[in-house]
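Notes for the one structure printed next.
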Amino acid sequence: MTEAVQQRHFIQQIIDADIESGKWGTPGDRSVITTRFPPEPNGYLHIGHAKAIHISHGLAREYGGTFILRFDDTNPAAEEVEFVDSIKHDIEWLGTHWDGEVRFASDYFGQMYDWAVELIEKGLAYVDESTPEQIREMRGKIETPGVDSPFRDRPISESLDLFAQMKDGKIENGKMVLRAKIDMASSNMNLRDPVMYRVVNAPHHRTGTQWSIYPMYDWAHGLEDSIEGVTNSLCSLEFEDHRPLYDWFIDAINQGRSDDEKIHHPQQTEFSRLAISYTNMSKRYMRQLVQENHVDGWDDPRMITLASFRRRGYTPKSIEDFVTGVGVTKFNAMMDIGRLEGALRDDLNKRAPRRMAVLDPIKLVITNWADGGDDDRVEMMDAINNPEDDSAGTRAIPFGKELWIEREDFMIDPPKKFFRLGVGREVRLRCGYWVKCHDFKQDLDGNITEVHCTYDPDTRGGNNPPPDEEGKVRKVKGTIHWVYAHDCIDAEVRMFDRLYKAEKPGKATGNHLDDLNENSLEILKNCKLERSFLTKTPDEPDWADGIRRFQFERTGYFCIDQDSTQSDLVFNRTATLRDSWAKQR
RNA sequence: AGGGGAUUGGUGUAACGGUAGCACGAAGGUUUCUGAUACCUUUAGUAAGAGUUCAAAUCUCUUAUCCCCUACCA
């Protein structure tokens, strides 16, 4: 009961059993396990892909097997080289390593063609000259059987000849397809004589104009897996209906072959894809957001592409931790977006150096600053770099008569539970001094412009003052952050909120744009920050991706955006800190 | 003539015929120079019904609900 029993998800259990039974060769040989991640290079990777990568890669590593990265580039119309590079970059950023060279489905076009010819010769495939519309009609409806194409029983030699013409670019787009001869009455639509090849007279990003025909997913995918020796071909739930076809094609090739001529038959297994509240995993939706300028490109930090998470300051570890927590099941689960933010905070809490930054500044003037000496003097304070990491040490920050503090840390008429500044209230300036407010100034519109305080010289460093004669120590309820007004830098800070305001975007009206959060981006241009941001300091970790991340004390986690210049920094808010005060209000 | 999957606290996930557990959340509390973090306590569940069995989340049947399938996309 108490001993930790290792929990095995359903795919691990399948693999365990297959290894024991010797399904892949020698019983007990774990190193044969081979998995793959097969992206189509037609867009950016998103966090759903991170889950798929994590599962397939994790399995390969766990069993000491092989993990393959293969681009499924079977459709020249949609694919571009640019995406190949971005996908590789994103996978590497995650910290995932593939074994051997990157593979391309297009490398196997010749082999696939030969196998297709074999199927025609066996009477298992035929060239159909029906129009796309006719094919659709003949396929029938879900509840009713389809009808056979008039070309279904044409002579094998005729199909062979026509297929060669298709390959040689002698046929126009859309005029002919190669179809598998299976069952037009199947209750599984995928088995109603699926198309194996279509004519596409368009250049391919790798094979150029070599081919005029391109294989369809169902025909190609299992063959790619087979060629590479993939044992476990993992995909998402919507491919369950395709598995009979996946198996049919490999069986068709193997039909009539002796055992040692048979090609390898991988096992396809499906798991549920990732869904996260307040987001949408649809590539189509994402493309629309970019093309219609609802966001600023594929790496807009509000998107859920890996590129956008990177730019926003998410760490690979936080994404890894999140997808690990999702689990591997066949249940269509909806993950709470808070889980992802929580994983981020867990990681950054431990690693991010603390800094002071005032996002919406008002001036604080210490009216009795001269009590401690020269009224112009600047004192250097030791500030803790990371309370979670003693080795991070401290840094010196300037403190003087005039400071910037956060507008929301002062109230004219504060409620009792407001542990910050108001007239007559005392707070600790973090790593500075204790100050007590006695006055404030407003402009004509009633906006606070200055807060006037006295400081207690006995609280240097933010420490408690010495006890009084009765041995009692004065206490303070709140601590606020600040920066010295005459030695700080201005910066832009981009505050992001969730892109959609609905848990399931588009669910209510059918249009996800109706659920866009119009306040998902707020740009703050007058922020006051410690000068220490200007150059990387020794306490900052060496982030593998080179992105400098920080915790702004009391406000959240932030990173330096790529739009920054040497002197003008731009920050992205990665996540807020948890805020029980905000909840209480 | 439809077919394929799924259903365990609010959420995610274990338990594979033998004590329904874990994590996150939420609520309360302790600590605290971040209303953060950390720590403690509490919270709440086998979709419904029937059957098999000494014993059912687990096996069988019925019902309900949700997801997927009718591209020359993947």
Side-chain angles (χ1 to χ4, degrees), chain A residues 1 5 7-10 13 38-40 42 72 74-75 77-79 128 130-132 135-137 139-146 173-179 185-192 194-200 213-214 216-218 220-221 235-244 270 272 275 277 283 325-336 338-339 342-343 345-346 349-350 354 356 383-384 387-388 417-420 427-432 434 459 461-464 476-481 551-556 576-585:
Chain A
M1 202 79 232
V5 179
Q7 292 163 353
R8 312 285 291 156
H9 63 64
F10 80 100
Q13 294 182 33
E40 184 190 11
N42 72 341
D72 208 7
T74 56
N75 183 0
E79 296 151 7
D128 194 334
S130 306
T131 65
I135 289 178
R136 193 182 315 128
E137 274 170 38
R139 185 152 35 226
K141 292 277 193 284
I142 280 172
E143 317 80 19
T144 56
N173 289 355
K175 292 293 186 200
M176 287 181 198
V177 291
L178 182 71
R179 290 229 260 170
S186 172
S187 54
N188 183 343
M189 298 299 284
N190 297 125
L191 264 25
R192 317 243 266 226
V195 173
M196 296 165 62
Y197 277 97
R198 76 284 215 192
V199 177
V200 182
I213 54 171
Y214 290 89
M216 300 290 290
Y217 168 86
D218 285 305
H221 204 86
C235 58
S236 49
L237 248 28
E238 66 264 33
F239 290 100
E240 281 177 316
D241 286 343
H242 294 247
R243 181 162 19 93
E270 312 83 16
S272 65
S277 60
K283 244 185 203 177
V326 167
V328 183
T329 68
K330 294 178 82 102
F331 175 62
N332 273 308
M334 171 73 78
M335 290 301 289
D336 187 338
R339 284 283 276 266
R345 291 192 189 105
D346 278 351
N349 174 51
K350 297 188 190 78
R354 312 295 136 118
M356 301 239 253
I384 301 158
E388 304 288 321
K417 301 268 266 182
F418 185 77
F419 302 143
R420 309 178 190 179
V427 298
R428 170 189 292 112
L429 294 174
R430 182 150 167 87
C431 304
W434 291 20
T459 57
N463 292 314
N464 291 355
V476 81
K477 261 294 200 186
T479 298
I480 66 172
H481 59 279
Q551 183 195 100
F552 291 0
E553 298 246 10
R554 302 209 309 132
T555 57
T576 61
L577 252 31
R578 284 183 63 186
D579 186 354
S580 57
W581 165 243
K583 222 177 290 175
Q584 198 179 123
R585 284 180 313 191

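Each chain gets a letter, A, B and so on, in the order its sequence line appears, and its residues count up from 1. All values derive from a computational prediction rather than experimental measurement.
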Taking [M] as the reference, what is the distance to [N] when you measure between their [atom1] atoms (whole Å, please)?
N: B:U30; M: B:G9; atom1: C1'; result: 26 Å
N: B:G4; M: B:C61; atom1: P; result: 13 Å
N: B:A57; M: B:U13; atom1: C1'; result: 14 Å
N: B:U11; M: B:U32; atom1: P; result: 37 Å
N: B:A50; M: B:G12; atom1: C1'; result: 31 Å
N: B:U41; M: B:C22; atom1: P; result: 11 Å
N: B:U58; M: B:G17; atom1: P; result: 11 Å
N: B:A6; M: B:U60; atom1: P; result: 12 Å

Next on the checklist: Could you walk me through whether A:Ile213 and A:Val200 satisfy the side-chain contact (heavy atoms from CB on, under 4.5 Å) test, starting with their C-alpha distance in whole Å, then the side-chain angles of each, then the deciding distance to 0.1 Å, before giving a yes or no?
Outcome noted: CA-CA 5 Å; A:Ile213 54 171; A:Val200 182; over 6 Å; no

Item to check | A:Asp72 versus A:Pro38, closest heavy-atom pair with distance | outcome: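 Closest approach of A:Asp72 to A:Pro38: CB-O, 3.7 Å.
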
Checklist entry - More 5' along RNA chain B: A:Met335 or A:Ser186, using each one's nearest nucleotide? => result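 Residue closer to the 5' terminus by nearest nucleotide: A:Ser186.
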
Checklist entry - On RNA chain B, nearest-nucleotide positions of A:Gly325 versus A:Phe419: which is more 5'? => result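 Residue closer to the 5' terminus by nearest nucleotide: A:Gly325.
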
Item to check | Derivation and outcome, side-chain contact (heavy atoms from CB on, under 4.5 Å), residues A:Arg354 and A:Glu388 | outcome: CA-CA 10 Å; A:Arg354 312 295 136 118; A:Glu388 304 288 321; 4.0 Å; yes

Item to check | Under 3.5 Å donor-acceptor pair, A:Arg339 side-chain atoms to B:G25 base atoms | outcome: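 Absent.
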
Look at all strands and tell whether [X] reaches a base, only sugar-phosphate, or nothing, counting heavy atoms closer than 4.0 Å.
X: A:Arg578; answer: sugar-phosphate
X: A:Thr144; answer: nothing
X: A:Glu240; answer: sugar-phosphate
X: A:Gln13; answer: base
X: A:Thr329; answer: sugar-phosphate
X: A:Lys417; answer: base
X: A:Gly342; answer: nothing

Could you tell me how far apart [X] ([atom1]) and [N] ([atom2]) are, to the nearest whole angstrom?
X: A:Glu553; N: B:U32; atom1: CD; atom2: P; answer: 18 Å
X: A:Phe10; N: B:A15; atom1: CZ; atom2: P; answer: 12 Å
X: A:Asn332; N: B:A47; atom1: CG; atom2: P; answer: 17 Å
X: A:Arg192; N: B:G3; atom1: CZ; atom2: P; answer: 12 Å
X: A:Met334; N: B:U11; atom1: CE; atom2: P; answer: 11 Å
X: A:Phe331; N: B:G9; atom1: CZ; atom2: C1'; answer: 13 Å
X: A:Asp336; N: B:G9; atom1: CG; atom2: P; answer: 16 Å
X: A:Gln584; N: B:G28; atom1: CD; atom2: P; answer: 9 Å

Checklist entry - Pick one for B:A47: is it syn, with its angle within 90° of 0, or anti? => result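 This nucleotide is in anti.
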
Checklist entry - What string of B, S and - do you get for nucleotides 68-74 of chain B, 5' to 3', if B is base contact, S is sugar-phosphate-only contact and - is no contact with any protein heavy atom under 4.0 Å? => result BBBSBSB

G-U wobble or Watson-Crick pairing nucleotide for [N] (cut-off 3.5 Å, both distances):
N: B:A50; value: B:U60
N: B:A38; value: B:U30
N: B:A44; value: none

Next on the checklist: One pair to check against side-chain contact (heavy atoms from CB on, under 4.5 Å): A:Asp218 and A:Met196. What are the steps and the verdict?
Outcome noted: CA-CA 7 Å; A:Asp218 285 305; A:Met196 296 165 62; over 6 Å; no

Item to check | Closest nucleotide among B:A14, B:U37, B:A15 to the A:Gln7 side chain | outcome: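 Side chain of A:Gln7 sits closest to B:A14.
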
Checklist entry - In terms of side-chain heavy atoms, does A:Asn464 have a donor or acceptor partner in A:Arg428 at a distance below 3.5 Å? => result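 There is such a pair (donor and acceptor under 3.5 Å, judged by atom type) between the side chains of A:Asn464 and A:Arg428.
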
Checklist entry - Have A:Ser186 and A:Asn188 got a donor and an acceptor in their side chains that come within less than 3.5 Å? => result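 No, because no side-chain N or O of A:Ser186 sits under 3.5 Å from a partner of the opposite role on A:Asn188.
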
Item to check | Residues A:Thr479, A:Glu553; criterion side-chain contact (heavy atoms from CB on, under 4.5 Å); working and verdict | outcome: CA-CA 10 Å; A:Thr479 298; A:Glu553 298 246 10; over 6 Å; no

Next on the checklist: Can you confirm whether A:Lys330 is buried at NZ, in the sense that more than 12 heavy atoms of other residues, nucleotides or ligands lie under 6.0 Å from that atom?
Outcome noted: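 Atom NZ in A:Lys330 is packed in, count exceeds 12.
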
Checklist entry - Any idea how A:His242 and A:Tyr217 line up, ring-wise: parallel (<30°), tilted (30 to 60°), or perpendicular (>60°)? => result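 Correct class here is perpendicular.
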
